[in-house]
Amino acid sequence: MTADAAARAADVRRMMFDDNALLPPLYGQHDRNLVRIEQQLGVRIDSRGNQIAIAGGVEETALARAALMALYERLQRGQVVDLAEVDAAIRFAHVGGDATPGDTTTIRTRRRVIQPRTPTQRDYVEAIRDRDLVFGLGPAGTGKTYLAVAMAVSMLTAGAVQRIVLSRPAVEAGERLGFLPGDLKDKVDPYLRPLYDALHDMLPADQIVNRLASGEIEVAPLAFMRGRTLAHAFVILDEAQNTTAMQMKMFLTRLGEGARMVVTGDLSQIDLPPGTTSGLRDASETLNGVEGVRFVHFTDRDVVRHDMVARIVRAYDERDRRRAEAKPKS
């Protein structure tokens with residue numbers, strides 16, 4: 001081992017916390033939060049009372065210290081720390097910025113307070129606050145739809161918009177509406193279920209029922225948007241990779257006065273017939289650079305579901321990269 005390598009391996013950082021009452025939630029049950037940081041950063045953490053010693057490489061120990069300090073400050077503000085928040089603190093520490101998203105990106109709904117868990121999620125929330133039209137592009141599990149619905153509910157309850165319109169194209173995995181049993185509602189509800197699920201995370205069930213009945217919240221397939229002007233509304237188009245170019249143009253031109261629009265999708269999961277251009281891909285090429293439009297690109301590093309989801313996304317991306325490199329050039 002070289003002298004530099006030995007120095008990196010021998011780096012130790014020490015921390016001391018003033019409030020002993022915050023140590024159990026900071027460390028986690030059976031020190032699971034400390035173990036998570038050890039696993040994610042390749043460091044060793046030894047705790048004794050209110051003191052912690054972090055051993056490892058210089059960069060890794062600095063990241064661990066920043067993450068622990070962010071989590072401690074979170075507890076000081078009366079907020080909860082769990083494994084998801086530990087992962088979030090590590091992600092923010094990696095970018096060298098504030099590891100604790102502030103009030104400007106905190107989303108408050110009736111049922112919960114939601115904060116971005118990756119730097120890209122933070123940029124996404126800020127973009128939605130500042131722009132009338134935002135595109136969120138990236139793999140499943142990155143919070144594109146969930147955060148958009150949270151922002152919509154927050155703005156509705158604050159009176160910033162008069163209604164929420166949630167939409168999806170009803171084309172997935174080769175199925176078409178006509179082949180499904182039941183009436184129209186029975187046919188479209190399976191496609192819209194993820195939007196209902198997100199709403200139930202933000203609002204009490206009785207409020208959702210009442211707001212759906214009054215029209216304050218509308219969940220409808222994309223085909224229902226034609227010919228309408230959506231003013232003073234927060235409008236979300238989910239799974240937009242499954243729109244055609246004509247459908248996307250139709251939807252985007254529904255934007256009315258005082259409205260805000262968010263379009264989400266994953267260009268690696270297009271279920272359109274072969275040879276059909278995705279409206280999301282077409283829009284990303286056509287509108288890139290247009291004033292007032294913001295594109296936010298998520299990657300596997302922003303996946304906030306089970307760890308396995310991120311590994312699955314990376315495996316498929318690597319497979320696609322190898323296929324693209326092996327494809328003969330014309």
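Index from 1, following the sequence.
With a 6.0 Å radius and a threshold of 12 heavy atoms from other residues, nucleotides or ligands, R319 has its CZ atom above the threshold. Dense packing is recorded around CD of Q76, with more than 12 heavy atoms of other residues, nucleotides or ligands lying under 6.0 Å away. Applying the 6.0 Å contact sphere to CZ of R14 captures no more than 12 heavy atoms from other residues, nucleotides or ligands. Within a 6.0 Å radius of CZ in R65, other residues, nucleotides and ligands contribute 12 heavy atoms or fewer.
Electrostatic pairing of E38 and R44 does not count as a salt bridge here, judged by no charged N lying under 4.0 Å from a carboxylate O. In summary, R163 and E216 do not engage in a salt bridge, as defined by a charged side-chain N under 4.0 Å from a carboxylate O. Under 4.0 Å is where a charged nitrogen must lie from a carboxylate oxygen, and between R36 and D87 at least one such pair does.
Taking CG of L280 as the start and CG of D266 as the end, the distance is 9.0 Å to the nearest 0.5 Å. Taking CE of M155 as the start and CD of Q162 as the end, the distance is 11.5 Å to the nearest 0.5 Å. To the nearest 0.5 Å, the span separating OG on S167 from CZ on F251 amounts to 5.5 Å. Atoms OG and CD, on S278 and E285 in that order, are 9.5 Å from each other to the nearest 0.5 Å. In this structure, the separation between CZ on F295 and OG on S284 is 5.5 Å, given to the nearest 0.5 Å. I164 CD1 to M202 CE: the interatomic distance, rounded to the nearest 0.5 Å, is 9.5 Å.
One side chain, D201 or Y146, offers a donor N or O that lies under 3.5 Å from an acceptor on the other.
Side chain of E239 to backbone of G265: no donor-acceptor contact under 3.5 angstrom is found. Under a 3.5 Å cut-off, the side chain of N210 and the backbone N or O of D206 do form a donor-acceptor pair. Using a distance-only test at 3.5 Å, with no hydrogens or angles considered, a donor-acceptor pair links the side chain of R74 to the main chain of V80. Of the possible donor and acceptor atoms, one in the side chain of D302 sits under 3.5 Å from a partner among the backbone N and O of T299. Within the 3.5 Å criterion, the main-chain N or O of V12 finds no donor-acceptor partner in the side chain of T61. Judged by distance alone, the side chain of K144 and the main-chain N or O of P139 form a donor-acceptor pair under 3.5 Å. The backbone N or O of A245 lies less than 3.5 Å from no partner atom in the side chain of D282, so there is not a single donor-acceptor pair. At distances below 3.5 Å, at least one donor-acceptor pair connects side-chain atoms of N242 with backbone N or O atoms of D271. Checking side-chain atoms of Q121 against main-chain N and O of T142 turns up a donor-acceptor pair under 3.5 Å. Checked by atom type and distance alone, the side chain of T109 never pairs as donor or acceptor with a backbone atom of S154 at under 3.5 Å.
The shortest heavy-atom contact between A89 and A67 is CB-O, 3.9 Å.
Linking Ile, Leu, Val, Met, Phe, Trp and Tyr residues whenever their side-chain heavy atoms come within less than 4.5 Å leaves V86 and V35 in two separate clusters. Criterion: ILVMFWY side-chain heavy atoms under 4.5 Å apart, direct or through other members. Under it, L287 and M248 are part of a common hydrophobic cluster. Grouping the Ile, Leu, Val, Met, Phe, Trp and Tyr side chains by contacts below 4.5 angstrom, directly or via other members, places Y196 apart from V209. V290 and V235 fall within a single hydrophobic cluster, where Ile, Leu, Val, Met, Phe, Trp and Tyr are joined by side-chain heavy atoms under 4.5 Å apart, directly or via other members. Placement of V113 and L156 in two distinct hydrophobic clusters is found when ILVMFWY residues are connected by side-chain heavy-atom separations under 4.5 Å, directly or transitively.
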K249 and L252: CA distance, side-chain angles, deciding distance, side chain to side chain contact (heavy atoms under 4.5 Å, CB included) verdict: CA-CA 5 Å; K249 180 180 177 182; L252 295 177; 6.0 Å; no
Step-by-step salt bridge (Lys or Arg N to Asp or Glu O under 4.0 Å) determination, E218 to R228: CA-CA 13 Å; E218 178 183 353; R228 303 176 60 185; 2.8 Å; yes
Residues L133, V263; criterion side chain to side chain contact (heavy atoms under 4.5 Å, CB included); working and verdict: CA-CA 8 Å; L133 176 57; V263 178; 4.3 Å; yes
L237/F135 under side chain to side chain contact (heavy atoms under 4.5 Å, CB included): CA gap, chis, key distance, verdict: CA-CA 10 Å; L237 175 59; F135 288 81; over 6 Å; no
Derivation and outcome, side chain to side chain contact (heavy atoms under 4.5 Å, CB included), residues V262 and T264: CA-CA 7 Å; V262 179; T264 69; 4.0 Å; yes
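No side-chain heavy atom of I54 sits less than 4.5 Å from a side-chain heavy atom of D11. Between I208 and H200 the shortest side-chain heavy-atom distance falls below 4.5 Å. Contact annotation: the side chain of Q247 approaches that of T244 to within less than 4.5 Å [non-hydrogen atoms, C-beta and beyond]. A 4.5 Å side-chain heavy-atom check between Y316 and S268 finds every atom pair outside the cut-off. Considering only heavy atoms from C-beta on, R129 comes within 4.5 Å of M151 through its side chain. Using a 4.5 Å cut-off on side-chain heavy atoms (C-beta onward), T157 and R211 make contact.
For the side chain to side chain donor-acceptor pair (under 3.5 Å) criterion with R168, the lone passing option out of D238, T145, T243 is D238.
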Review item, side-chain donor-acceptor pairs of residues 24-33, under 3.5 Å, at least two apart:
unit_1: Y27; atom_1: OH; unit_2: G49; atom_2: O; d: 3.0
unit_1: N33; atom_1: ND2; unit_2: P25; atom_2: O; d: 3.1
unit_1: N33; atom_1: ND2; unit_2: L26; atom_2: O; d: 3.1

